[in-house]
Engineer: 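Okay, here's the structure, questions in a sec.
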Amino acid sequence: MPIDKFKTLTSPGIPLPIENVDTDQIIPARFLKAVERKGFGDNLFRDWRYDSNNELIEDFALNNPKYSGEILIAGKNFGSGSSREHAAWAIYDHGLKVVVSSFFADIFKGNALNNGLLPVQVSEDFLTQLFETIEKDPKSSFEVNLKEQTFENKATGESVSFEINPYKKECLLNGYDDIDYLVNMKDEIEQFEKNR
Amino acid sequence: MEPKTLFDKIWDAHVVKQVEGGPNVVYIDRHFIHEVTSPVAFLGLEKRGLKVLRPEKTTATPDHNVPTINQHESIKDELSRNQVEALKNNCTKHGITHHGLGTEGHGVVHIIGPEMGLTQPGMTIVCGDSHTSTHGAFGAIAFGIGTSEVEMVFASQCIMQPKPKKMKIAVNGTLKEGVTAKDIALYVIAQISTSGGTGHFIEFAGSAIESLTMEGRMTLCNMSIECGARGGMIAPDETTFEYVQGREHAPKGEEWDKALAYWKTLKTDEGAEFDTIYEYDAADIEPMITFGTNPGMGAKIKSSIPTGDDLSGSDKISFDKSLEYMGFNPGDQLEGKAIDYVFVGSCTNGRIEDFRAIASFVKGKQKAENVITWLVPGSKAVEKQIIAEGLDKIFEEAGFALRQPGCSACLAMNDDKIPAGKYSVSTSNRNFEGRQGPGARTLLASPLVAAAAAVTGKITDPRDIM
Ligand code: SF4
């Protein structure tokens with residue numbers, strides 16, 4: 001699926017100060033039975049958002065009306081575990097455009113980038129400050145500028161730069177995806193097959 | 001010529017193009033698919049009006065959603081049935097070989113590939129499933145991909161990936177009795193943590209690794225993803241060649257000789273460089289079990305749960321949250337803790353060797369009354385072999401139930417779920433919260449440790465009752 005173009009965004013952040021959030025938490029396996037890419041956002045963090053009686057757990061950050069916005073700010077080693085792309089879909093479909101953490105699992109990072117969801121890796125200290133900022137004022141906002149590769153904490157004025165592969169950056173900014181690229185390489189691929 | 005690692009040799013031979021400032025375009029030799037991560041890729045392909053470029057290089061089987069009893073009946077859960085049927089229909093439409101439920105070739109995707117000889121040294125192998133790393137045991141580059149990448153392979157037989165860093169994990173010496181490949185895996189992950197391998201591809205080496213059977217090597221490479229690595233691999237040797245030779249899809253005659261000559265060059269050259277190296281002594285490894293909610297939270301059975309006193313901040317919060325979920329206290333002894341379920345199976349430990357180990361252990365013993373045990377073969381071929389060797393009789397006498405092949409209780413996606421709050425000693429690979437069912441408490445261990453727990457009803461060092 002072609003992805004949406006990534007535009008600079010300013011938004012408050014939703015804090016999830018938990019480490020090693022794995023893809024089984026992001027979207028439990030029992031919700032992977034769809035044959036279309038639809039409705040995954042509703043089951044994002046299902047077992048943390050709802051109790052066993054299907055009642056909303058009000059305290060959980062995604063349910064808490066205190067928090068809002070398009071940026072998820074999570075503890076270290078986010079997205080470990082299964083390769084399910086449904087995890088990235090669930091986050092994106094829930095209306096989140098950016099995930100900030102001090103460390104991302106590889107497959108998750110790749111999946112996120114392939115779906116227009118931007119993973120922003122920051123230092124642990126900076127991450128701690130972000131949590132503190134939100135705790136002080138849940139409405140304080142952050143600016144993500146992909147073109148400049150910067151993430152700014154508006155409350156403190158501190159801005160850090162983040163890394164992204166230049167090719168992936170172009171894709172995100174322009175809404176291109178890898179499949180277009182590969183399909184255009186058909187002749188080269190066939191040549192490669194012949195030469196082996 | 002510059003010395004190269006095993007990984008470099010295979011990777012470099014598959015790079016079609018290096019994108020400027022971007023990833024490598026990597027050619028894929030073998031693509032496996034299952035019902036969960038492929039339907040959206042097929043849809044995407046069709047939306048673009050594309051065909052599968054090389055359908056003969058893709059092999060399909062449904063494994064995650066399937067029931068493990070009464071497989072001849074139609075699947076009861078409607079959504080599961082839909083997904084399993086969608087796989088079949090998509091395969092028919094696109095000319096992909098499909099090993100359906102109940103057929104000879106059916107099984108967990110990472111079990112059937114090696115069994116059929118589809119997995120070979122020197123290949124690049126992908127599947128929309130993180131435990132694709134299993135196939136690295138053959139000296140192949142094998143790793144899990146997302147659904148967008150599944151679509152890429154369909155469309156172009158290539159994916160786009162940056163070249164990972166290289167890590168070597170050497171385990172030298174002789175393994176103690178009762179210590180298996182699973183214990184090596186849990187030991188290593190406990191040492192380097194679930195993120196220790198991130199960004200890397202691991203080569204396992206050393207005399208203890210060389211001494212492993214192909215089954216053991218698959219168990220170890222299977223779990224390499226659990227330390228965050230892209231995958232793990234082991235240089236092919238006589239053990240590998242012997243396993244591959246004669247299998248259905250293995251090269252034959254002259255083709256075999258040619259392949260073998262190439263495979264023998266697949267080892268890390270003297271002096272080749274790794275980004276990270278870890279070395280362990282096999283003698284330090286003991287039977288292991290996990291006590292927390294990620295595979296890095298493992299310990300020797302004859303030890304206690306860490307106190308967590310050395311942790312602070314968010315590390316401490318995560319640790320406490322994990323123990324609370326598990327219903328354990330910091331500092332508790334592991335041995336003797338009561339358990340409720342035992343699950344033997346999955347792509348980690350669902351091969352014939354695993355069932356042989358269990359059979360020889362439980363022969364003449366009885367299952368503890370309070371324990372429910374599920375023995376789930378990884379494939380139809382494993383199931384047949386169990387019966388051919390009469391292992392099923394041994395299981396029956398000991399009070400164990402043998403089920404039919406599938407992912408089963410490895411993940412809570414089919415009917416085999418562990419109830420909330422119950423303890424399950426499992427030979428699978430993930431102990432995440434809810435992995436085996438909402439609220440289920442998973443303790444990862446080797447088949448031997450699982451068998452010992454099934455017999456005593458508690459966490460037990462198998463060596464004490466061997
Ligand atoms: S057995 Fe478990 S880990 Fe292996 S493919 Fe199935 S669900 Fe995944």
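All chains are named by letter (A, B, ...) in the order of the sequence lines, taking the proteins before the strands, and each is independently numbered beginning at 1.
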Engineer: I'd like to verify something: which residue of B:Pro295, B:Ser314, B:Ala155 has the highest number of heavy-atom pairs under 4.5 Å with chain A?
Structural biologist: B:Ser314

Engineer: Under a 4.5 Å heavy-atom cut-off, does chain A meet the side chain of B:Ala420, its backbone, both or neither?
Structural biologist: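 Answer is neither: B:Ala420 stays 4.5 Å or more from chain A.
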
Engineer: Of the non-hydrogen atoms in A:Glu85 and B:Glu149, which two are nearest, and what is the gap between them?
Structural biologist: OE1-N, 4.4 Å

Engineer: Check B:Ser195 against A:Phe103 and note the closest heavy-atom contact, atom names and distance.
Structural biologist: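 Nearest pair, atom of B:Ser195 first, then A:Phe103: CB-CE2, 3.8 Å.
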
Engineer: Pick one of side chain, backbone, both or neither for A:Ala34, based on which atoms fall under 4.5 Å of a heavy atom in chain B.
Structural biologist: backbone

Engineer: At a heavy-atom separation under 4.5 Å, does B:Val25 approach chain A through its side chain, its backbone, both, or neither?
Structural biologist: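 Just its side chain gets close to chain A.
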
Engineer: Does the side chain of B:Lys17 reach to within under 4.5 Å of the side chain of A:Tyr181, using non-hydrogen atoms?
Structural biologist: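 Answer yes - side chains close enough.
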
Engineer: Of the non-hydrogen atoms in B:Gly199 and A:Asp106, which two are nearest, and what is the gap between them?
Structural biologist: N-OD2, 2.6 Å

Engineer: Would you check if there is a donor-acceptor pair between the side chains of B:Ser80 and A:Lys33 at a distance under 3.5 Å?
Structural biologist: yes

Engineer: So which atom in A:Trp48 and which in B:Glu433 form the shortest heavy-atom distance, rounded to 0.1 Å?
Structural biologist: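 Reported closest heavy-atom pair: NE1-OE1, 3.3 Å.
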
Engineer: Please flag which part of B:Val15 lies under 4.5 Å from any non-hydrogen atom of chain A: side chain, backbone, both or neither.
Structural biologist: backbone

Engineer: How close do A:Asn165 and B:Gly22 get, heavy atom to heavy atom, and via which atoms?
Structural biologist: OD1-CA, 3.5 Å

Engineer: Could you go through B:Thr147 and A:Arg37, starting from their C-alpha distance and side-chain angles, then the distance that decides it, and tell me whether this counts as side chain to side chain contact (heavy atoms under 4.5 Å, CB included)?
Structural biologist: CA-CA 11 Å; B:Thr147 296; A:Arg37 190 190 148 167; over 6 Å; no

Engineer: Could you pull out the closest heavy-atom pair between B:Ser130 and A:Ser82, with the gap in Å?
Structural biologist: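 Taking B:Ser130 first and A:Ser82 second, the nearest heavy atoms are OG-CA, 3.6 Å.
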
Engineer: Heavy atoms only, distances under 4.5 angstrom: which of B:Val19, B:Leu411, B:Leu87 has the most pairs with chain A? Name it, please.
Structural biologist: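 Among B:Val19, B:Leu411, B:Leu87, the one with the most close pairs to chain A is B:Val19.
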
Engineer: I'd like to know if A:Glu19 and B:Lys321 make a salt bridge, using a cut-off of under 4.0 Å between side-chain N and carboxylate O.
Structural biologist: no

Engineer: What I'd like to find out is whether the side chain of A:Asn111 reaches to under 4.5 Å of the side chain of B:Ser148, using heavy atoms alone.
Structural biologist: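 Of all side-chain heavy-atom pairs linking B:Ser148 with A:Asn111, none is under 4.5 Å.
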
Engineer: Quick one: which of B:Thr194, B:Asn294, B:Thr37 has the most heavy-atom pairs under 4.5 Å with chain A, could you say?
Structural biologist: B:Thr194

Engineer: Examine whether an atom of B:Lys417 lies under 4.5 Å from a heavy atom of chain A, and if so say whether it belongs to the side chain, the backbone or both; otherwise answer neither.
Structural biologist: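 For B:Lys417, no heavy atom lies under 4.5 Å from chain A.
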
Engineer: By a 4.5 Å heavy-atom criterion (distance strictly below it), what part of A:Arg46 contacts chain B: side chain, backbone, both, or neither?
Structural biologist: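 No part of A:Arg46 comes within 4.5 Å of chain B.
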
Engineer: If you count heavy-atom pairs under 4.5 Å with chain A, which of B:Asn414, B:Val84, B:Asp315, B:Val150 comes out on top?
Structural biologist: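 Looking at each of B:Asn414, B:Val84, B:Asp315, B:Val150 in turn, B:Asp315 comes out on top.
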
Engineer: Name the region of B:Leu53, side chain, backbone, both or neither, that has any atom closer than 4.5 Å to a heavy atom of chain A.
Structural biologist: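 Side chain only.
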
Engineer: Between B:Ala86 and chain A, with a heavy-atom cut-off of 4.5 Å, which part of the residue counts as in contact: side chain, backbone, both or neither?
Structural biologist: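 B:Ala86 touches chain A through side-chain heavy atoms alone.
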
Engineer: Can a side-chain donor-acceptor contact be found between B:Glu20 and A:Tyr167 if the only test is distance below 3.5 angstrom?
Structural biologist: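 B:Glu20 and A:Tyr167 do not have a side-chain donor-acceptor pair below 3.5 Å.
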
Engineer: Under 4.5 Å heavy-atom distance to chain B, tell me which part of A:Asp178 shows up: side chain, backbone, both or neither.
Structural biologist: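 Interface part for A:Asp178: both.
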
Engineer: Quick one: what part of A:Lys109 sits under 4.5 Å from any heavy atom of chain B, side chain, backbone, both or neither?
Structural biologist: neither

Engineer: Where do A:Arg30 and B:Asp77 land on the salt bridge (charged side-chain N to carboxylate O under 4.0 Å, His left out) test, with the steps shown first?
Structural biologist: CA-CA 11 Å; A:Arg30 61 187 190 283; B:Asp77 182 289; over 6 Å; no

Engineer: Examine whether an atom of B:Leu79 lies under 4.5 Å from a heavy atom of chain A, and if so say whether it belongs to the side chain, the backbone or both; otherwise answer neither.
Structural biologist: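 Both backbone and side chain.
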
Engineer: Would you mind checking if B:Arg435 and A:Asp22 are paired as a salt bridge, meaning a charged N to carboxylate O distance below 4.0 Å?
Structural biologist: no

Engineer: Give the intermediate values and the outcome of side chain to side chain contact (heavy atoms under 4.5 Å, CB included) for residues A:Ile107 and B:Phe143.
Structural biologist: CA-CA 10 Å; A:Ile107 302 187; B:Phe143 54 90; over 6 Å; no

Engineer: With the threshold set at 4.0 Å, does a side-chain nitrogen-carboxylate oxygen contact exist between B:Asp129 and A:Arg84?
Structural biologist: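 Answer for the salt bridge query: no.
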
